[in-house]
A.B. asks: 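Encoded as structure tokens, here's the structure I'll be asking about.
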Amino acid sequence: MSFALRHILVTVGPPTSPHAHAIRRAAELAAESGARLELFHANFNPYAGDAVLMRQSLDEQMEQSLEHSRRRLERLAAPLRRKGLEVTTSVAWDYPAHEAIVRRALIVMPDLLVAETHKHGVGERLVLTNTDWQLVRLCPVPLLLARSRKTYRGAAFVAAIDPFHAHAKPADLDRRILDVAVRLAVQCRAEVHAAHVFRPPAAYIPGSFAEPVPIAASPALLKPFEEAVRARVARFLRPMRRRIAGQHVVAGDPVRELPVLARSLGAALTVMGAVSRSGLKSLFIGHTAERVLDRMSSDVLVVKPHGFRTKVPRKATLPQIIVPPF
């Protein structure tokens, strides 16, 4: 099924967390596409409260907390509605936050989930929380990590593809990346640049302890290899070449070169794929996609292959509420 925006789910954290970028970006996309917005917040407090609140039942305390969050979301929704956008709000008593968000996504199946990230340090890189990382792994719908102030209208989008299907990536994921990037670009009157970063071939020599040490390949080897890569990328992009503003094939480490390319193009958005890994590999933070994410200065839209199934259960299993003694 082709990508289209009809329903955008926006996750809003606690009052102390930032949310302006996510709401602003979601509102921009809704205005361009006519999609409806849903602001969502998950509440949970493992402690029943202080002695004053103990006069209330736990159910009353829970409902009071949820009602407070509803009012807060309604205050955030009011200026969006005044702009003519269709906005609903929803809250849930659920934990942990990433599972609560995924469960809401499983219920309403939005076309896009928008989450807030923030900038920090040199180059204003993305700084992702544990909730962000878990959403990258487990979110069943396209996930937009928002932090850039650049408008999408007339901007450059980068679609990061790998037609060689390195790292056991499902074969249809690149087509889905391009489909999402192009359809968003049409709505925002943006342009799409397809990018592939490949590792050049290398020779190896023994090191001090007989370990293999890579050395740069000779130009005689590198040139035909790069030509073959460019030809492969061009063949893959041929069916969509009229919708692609630029094709970029870069030799080097994807972790470094893709963020550099996105910055050089002034990209407001980078679209890339992610595959949730099973077993012990799912605990390994540091594979290429995650390391690239940590270095991006644009918004990042993460898509999963068709048929992806999240491991988050549809029904929450909440930890026991602790009632402090008087």
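Hydrogens, waters and symmetry mates are skipped; everything else that's a heavy atom, side chains included, is used.
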A.B. asks: Arg176 side chain to Leu173 main-chain N or O, any donor-acceptor pair under 3.5 Å?
C.D. replies: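 Looks like no, no N/O pair under 3.5 Å.
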A.B. asks: Report, one line per pair, each donor and acceptor closer than 3.5 Å where one atom sits in a side chain of residues 189-196; sequence neighbours left out.
C.D. replies:
from, atom 1, to, atom 2, distance (Å)
Glu191, OE2, His193, NE2, 2.9
His193, ND1, His248, NE2, 2.9
His196, ND1, Ile161, O, 3.1

A.B. asks: Using atom types as modelled and distance alone, determine if a side-chain donor or acceptor of Arg36 lies under 3.5 Å from a backbone N or O of Leu85.
C.D. replies: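 A pair under 3.5 Å: no.
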A.B. asks: Can you give each donor-acceptor pair under 3.5 Å made by side-chain atoms of residues 264-273, sequence neighbours left out, with the distance rounded to 0.1 Å?
C.D. replies:
from, atom 1, to, atom 2, distance (Å)
Ser264, OG, Leu261, O, 2.7
Thr270, OG1, Ser298, OG, 3.0

A.B. asks: What distance do Arg235 atom CZ and Arg232 atom CZ have between them, rounded to the nearest 0.5 Å?
C.D. replies: 6.5 Å
A.B. asks: Roughly how far, to the nearest 0.5 Å, is CG of Asp111 from CZ of Arg183?
C.D. replies: 12.0 Å
A.B. asks: Keeping the roles fixed (side chain from Ser69, backbone from Val91), state whether a donor-acceptor pair exists under 3.5 Å.
C.D. replies: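 Judged by distance alone, no pair lies under 3.5 Å.
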A.B. asks: So do the side chains of Val136 and Leu145 get within less than 4.5 Å of each other, counting heavy atoms only?
C.D. replies: yes
A.B. asks: What's the spacing between Thr89 OG1 and Glu74 CD if we round to 0.5 Å?
C.D. replies: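 Result: 3.5 Å between the selected atoms.
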A.B. asks: How long is the gap from CG on Leu29 to CD1 on Ile8, to the nearest 0.5 Å?
C.D. replies: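 Going from CG on Leu29 over to CD1 on Ile8, the span is 5.0 Å.
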A.B. asks: Atom CG of Leu135 and atom OG1 of Thr117: how far apart are they, to the nearest 0.5 Å?
C.D. replies: 11.5 Å
A.B. asks: With a 4.0 Å cut-off, would you call Glu67 and Arg70 a salt bridge?
C.D. replies: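 Salt bridge between Glu67 and Arg70, a charged N being under 4.0 Å from a carboxylate O: yes.
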A.B. asks: Applying salt bridge (charged side-chain N to carboxylate O under 4.0 Å, His left out) as the test, list every pair that has at least one member in residues 10-28; sequence neighbours left out.
C.D. replies: Arg25-Glu28, Arg25-Asp299
A.B. asks: Taking NZ, NE, NH1 and NH2 as the nitrogens, is one of them in Glu38 or Arg104 under 4.0 Å from a carboxylate oxygen of the other?
C.D. replies: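 Result for this pair is yes, salt bridge flagged.
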A.B. asks: Could you give the distance from CG (Leu80) to CG (Leu39), rounded to the nearest 0.5 Å?
C.D. replies: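 Rounded to the nearest 0.5 Å, the CG-CG separation comes out at 6.5 Å.
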A.B. asks: Would a hydrophobic clustering, with Ile, Leu, Val, Met, Phe, Trp and Tyr connected at side-chain separations under 4.5 Å, put Met109 with Leu138?
C.D. replies: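 Yes, same cluster.
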A.B. asks: Could you please spell out the steps behind the side-chain contact (heavy atoms from CB on, under 4.5 Å) verdict for Val10 and Leu113?
C.D. replies: CA-CA 6 Å; Val10 187; Leu113 171 65; over 6 Å; no
A.B. asks: Are side-chain heavy atoms of Val182 and Phe3 found at a separation under 4.5 Å?
C.D. replies: no
A.B. asks: Among all residues two or more places apart in sequence or in another chain, which pass the ring-ring contact (aromatic ring centres under 6.0 Å, His included) test with Phe198?
C.D. replies: Phe225
A.B. asks: Please check this pair: side chain of Lys304 against backbone of Cys139, looking for a donor-acceptor N/O pair closer than 3.5 Å.
C.D. replies: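 Between the backbone of Cys139 and the side chain of Lys304 there is a qualifying donor-acceptor contact (under 3.5 Å).
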A.B. asks: Of all residues at least two apart in sequence or in a different chain, which pass the side chain to side chain contact (heavy atoms under 4.5 Å, CB included) check with Gln187?
C.D. replies: Leu5, Ser33, Leu184
A.B. asks: Of all residues at least two apart in sequence or in a different chain, which pass the side chain to side chain contact (heavy atoms under 4.5 Å, CB included) check with Ala100?
C.D. replies: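 Applying side chain to side chain contact (heavy atoms under 4.5 Å, CB included) to Ala100 gives Ala42, Asp94.
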A.B. asks: Salt bridge (charged side-chain N to carboxylate O under 4.0 Å, His left out) for Arg147 and Glu116? Distances and angles first, verdict last.
C.D. replies: CA-CA 6 Å; Arg147 59 150 302 278; Glu116 180 90 4; over 6 Å; no
A.B. asks: Less than 4.5 Å apart, side chain to side chain, heavy atoms only: is that true for Leu37 and Val114?
C.D. replies: no
A.B. asks: Under 4.5 Å between side-chain heavy atoms, counting indirect links through other Ile/Leu/Val/Met/Phe/Trp/Tyr residues: same cluster for Val186 and Leu301 or not?
C.D. replies: yes
